[in-house]
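Structure record follows, encoded as structure tokens.
Every chain is numbered from 1, with letters handed out A, B, ... down the list of sequences.
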Amino acid sequence: MAKQQQNAISPVRENNFPEWYQQVVKAADMAENSEVRGCMVIKPWGYGLWEQIQGQLDVMFKETGHKNAYFPLLIPVSYLEKEATHVEGFATECAVVTHHRLELKDGKMVPAGELSEPYVIRPTSETIIGAAFARWVQSYRDLPLLINQWANVMRWEMRPRLFLRTAEFLWQEGHTAHETPEEAMEETRKMHAIYEEFLREHLAIPVIPGEKTEGERFPGALNTFTIEAMVQDRKAIQAGTSHFLGQNFSKAANIDFEGREGKREFAWTTSWGVSTRLIGTLIMAHGDDDGVIIPPRVAPTQVVILPIIPKEEMRESVLAACQQLAKDLRSQQVWGAPVRVEVDERDLGGGVKNWEWIKKGVPVRVEIGPRDLEKGSVAVTRRDGGHRDKAFIANEEAVAQMPDTLLSIQNNLLDRALAFREEHTCEVHSAEEFHAFFTAQNTDQPEIHGDLHWGTGADLPRTKMLCRKKAK
RNA sequence: CGGGGCGUAGCUCAGCUUGGUUAGAGUGCCUGGUUUGGGACCAGGAGGCCGAAGGUUCGAAUCCUUUCGCCCCGACCA
């Protein structure tokens, strides 16, 4: 009997949160660092989660009238130059393509064929999409134009962290053009609300929607709205953004149209996005000292069935029972789709297998062994409960109850996250209160989180602030 | 880009201060058997130009120089 660790992840959250995070990502087999600095390899379990996020958000985008399209990875540098604030904002983190060929020199491949105009690998696509919109929009009848793209982008980050901040990441960027500022602002707010809903209802993460101060605005935007989530080190993380761009980009890209009165007008545009950072946010919001806990609604596999095979001659009958159960479970619906089930038939020790799934955070584990075959029962374990809290219940009952169990886990995760946030949040209403809060509680090392442009103190930022309560 | 830490087996690390047989452990991996409802056991096996390049030396994982990379904190960011 090897010594048993108390927790699957070391260090535990309380001792070293950043290190805990990295260990969890590794233990859950979600992603790894690649040989290219700042870039990650997203492994099947991590990508499966992204596919769920992508698929479910995509439905919400389509329901609100958006259509997907795809724009080029490479952007002419001159495009970025068109919007002054925008250039400034992204200039320091752009990867630049300057050559289109390699030549062999002294056994090394060296760049050759210099481009007359360099390209930037998109850090975001406002400019190149703006150029396309300028071609597509002629009349007010062409508006609104509601486009989304699922893509990778690249921002040369100083300090990458898996999922949270990588040089290359996956995201969606919505870009829309409207006839009036009111319509564009409505769109901006609508998508902001969709993000809030998606995190709450799908990722089980409560967020605080708000508006960024001037210093934190997207480069080139008039207003930037974000959703802010609190994770378990009590820090806030920006989980999604929606921007009202005014006419800044339409003037830069010349997106104009003939209006109802026959006058040429510039369109009003928006952009909005969420990225693979959502995965990191989810891990930090729900994970525990045994690994990830994935909310059932977005889990790539919602139920894993673990065959228990003590004697070789039982293999066939146990596996048959597992496959039958999987089939029965798949006939159940939850959130409008069949329950996602996997049978883990790998010939591994029961404990090892069990712990792998605990670390991955699959919401429900179902064990089936010879004793169950006799009794017609199964052992059901929830990831949000104790690992040995097994419910031995009748087969049919387990099948019938599964949708409710998944819903219950989903609700529990949201409740937990909400309670945690409430416990560690306070609202302040003046600069005085604000400074009192931080300086009083951190006299030795005053800590200030977030953007602190209080001005005279009369105008409060519209974003509520998450105040990190004093440790201990 | 500033401050700190670290590069030795797939992974986690010991060895380095005080150079000296064939470079070690745990875990993982492979084979065979016993196992399997809390991370199992026995036996055998594969796997390393000690991050890279120079230098000092009879001799370098160990000392010196340079370089590349990784991690943490800060600034910046989805």
Requested in this report: With the side chain of A:Arg155 defined as its heavy atoms from C-beta on, choose the nearest nucleotide among B:G39, B:A78, B:G38.
Outcome: B:A78
Requested in this report: Quick one: look up who B:C70 pairs with, Watson-Crick or G-U, both distances under 3.5 Å, and put none if it's unpaired.
Outcome: B:G5
Requested in this report: May I have the distance from A:Arg383 (atom CZ) to B:G38 (atom C1'), rounded to whole angstrom?
Outcome: 14 Å
Query raised in the report: How is A:Asn33 classified with respect to the nucleic acid when contacts are heavy atoms under 4.0 Å: base, sugar-phosphate, or nothing?
Result: sugar-phosphate
Report task. Could you give the distance separating B:G69 and B:U35 at their C1' atoms, to the nearest angstrom? Result -> 43 Å
Query raised in the report: Please give, in whole Å, the distance from B:G38 C1' to A:Asp389 CG?
Result: 12 Å
Query raised in the report: Should A:Thr226 and A:Glu228 be marked as a side chain to side chain donor-acceptor pair (under 3.5 Å) after you check the CA-CA gap, both sets of side-chain angles, and the distance that decides it?
Result: CA-CA 6 Å; A:Thr226 68; A:Glu228 307 277 338; 2.8 Å; yes
Requested in this report: Determine the Euclidean distance between corresponding P atoms of B:G7 and B:U17; express it in Å to zero decimal places.
Outcome: 15 Å
Requested in this report: Using both distances under 3.5 Å as the test, list the Watson-Crick or G-U wobble partner of B:C13, or none.
Outcome: B:G24
Listed pairs, N/O of protein and of nucleotides 33-36 of chain B, under 3.5 Å:
residue, atom, partner, partner atom, Å
B:U36, OP2, A:Pro310, O, 3.4
B:U36, O2, A:Leu348, O, 3.1
B:U36, N3, A:Ile309, O, 3.4
B:U36, O4, A:Ile309, O, 3.3

Query raised in the report: Would you say a side-chain N or O of A:Asn7 is under 4.0 Å from OP1 or OP2 of B:G39?
Result: no
Query raised in the report: Who is the Watson-Crick or G-U wobble partner of B:G19, with both distances under 3.5 Å?
Result: none
Report task. Could you measure between the two P atoms, the one in B:A9 and the one in B:U56, and give it in whole Å? Result -> 28 Å
**Report entry** B:C63 pairs with, by Watson-Crick or G-U criteria that keep both distances under 3.5 Å
**Finding:** B:G55
Requested in this report: Measure the acute angle between the ring planes of A:Phe420 and A:His424, then classify it against the limits of 30° and 60° as parallel, tilted or perpendicular.
Outcome: tilted
Query - Aromatic ring proximity, centroids under 6.0 angstrom, A:Phe71 and A:His175 - result: no
Query raised in the report: Which class fits the ring pair A:Trp50 and A:Trp150: parallel under 30°, tilted 30 to 60°, perpendicular over 60°?
Result: perpendicular
Requested in this report: Determine the interatomic distance between C1' on B:C13 and the same-named atom on B:U57; round to the nearest Å.
Outcome: 30 Å
Query raised in the report: With a centroid cutoff of 5.5 Å and a plane-angle limit of 30°, would you call A:Phe169 stacked on B:A78?
Result: yes
Query raised in the report: Quick one: is A:Gln23 getting a side-chain N or O under 4.0 Å of the B:U12 phosphate, OP1 or OP2?
Result: no
Query raised in the report: Does CD in A:Glu316 sit with more than 12 non-hydrogen atoms of other residues, nucleotides or ligands closer than 6.0 Å?
Result: no
Query raised in the report: Partners of A:Phe198 by ring-ring contact (aromatic ring centres under 6.0 Å, His included), sequence neighbours excluded?
Result: A:His202
Requested in this report: Using the ring-ring contact (aromatic ring centres under 6.0 Å, His included) rule, pick out the option among A:His243, A:His66, A:His192 that qualifies with A:Trp272.
Outcome: A:His66
Report task. Take atom CG of A:Leu164 and atom P of B:C76, then tell me their distance rounded to the nearest Å. Result -> 18 Å
Query raised in the report: Hey, does the side-chain of A:Asn354 have a donor or acceptor N/O within less than 3.5 Å of a partner on the base of B:G37?
Result: no
Requested in this report: Round to a whole Å and report the spacing from NZ of A:Lys26 to C1' of B:G28.
Outcome: 13 Å
Query raised in the report: Of all the choices, B:A78, B:G37, B:G38, which nucleotide is nearest to the side chain of A:Thr241 once you look at every atom?
Result: B:A78
**Report entry** First of A:Pro370 and A:His243 reached from the 5' end of RNA chain B, by closest nucleotide
**Finding:** A:Pro370
Query raised in the report: Within the structure shown, what part of the strands sits under 4.0 Å from A:Gly369 by heavy-atom distance: base, sugar-phosphate, or nothing?
Result: base
Query raised in the report: Nearest to the side chain of A:Val352, which nucleotide is it out of B:G38, B:G39, B:C77?
Result: B:G39
Query raised in the report: Using 4.0 Å as the upper bound for N to carboxylate O, is an ion pair formed by A:Glu374 and A:Arg371?
Result: no
Requested in this report: Would you mind classifying the nucleic acid contact of A:Ser377 as base, sugar-phosphate or nothing, using non-hydrogen atoms under 4.0 angstrom?
Outcome: nothing
Query - Between B:U27 and B:A43 - P atom distance, rounded Å - result: 12 Å
Query raised in the report: Say you pick atom P in B:G28 and the same atom in B:C41; how far apart are they, in whole Å?
Result: 9 Å
Query raised in the report: Just how far, in rounded Å, is P of B:A78 from CH2 of A:Trp171?
Result: 8 Å
Report task. Could you please name the partner base of B:G32, counting Watson-Crick and G-U wobble pairs only when both distances are under 3.5 Å? Result -> B:C42
Query raised in the report: Heavy atoms under 4.0 Å, any strand shown: does A:Gln22 hit a base, just sugar-phosphate, or nothing?
Result: sugar-phosphate
Report task. Measure from CD on A:Glu32 to C1' on B:C70 and round the result to the nearest Å. Result -> 14 Å
Report task. Give one of base, sugar-phosphate or nothing for A:Glu367, where a contact means two heavy atoms less than 4.0 Å apart. Result -> base
Report summary line: Atom CD of A:Glu157 and atom C1' of B:C72 are separated, to the nearest Å, by 17 Å
Query raised in the report: Between B:G37, B:A78, B:C72, which one does the side chain of A:Pro18 approach most closely?
Result: B:C72
Requested in this report: Kindly check if the number of other-residue, nucleotide or ligand heavy atoms within 6.0 Å of CD (A:Glu19) is above 12?
Outcome: yes
**Report entry** Nearest-angstrom distance from the residue atom NZ of A:Lys359 to C1' of B:U27
**Finding:** 11 Å
Report task. Using the C1' atoms only, state how far B:A60 lies from B:G20, rounded to an integer number of Å. Result -> 10 Å
Query raised in the report: Considering only the P atoms, how many Å lie between B:A61 and B:G19, rounded to the nearest integer?
Result: 14 Å
Query raised in the report: A:Tyr79 ring centre to A:Lys82 NZ or CZ under 6.0 Å, with the angle to the axis within 45°?
Result: yes
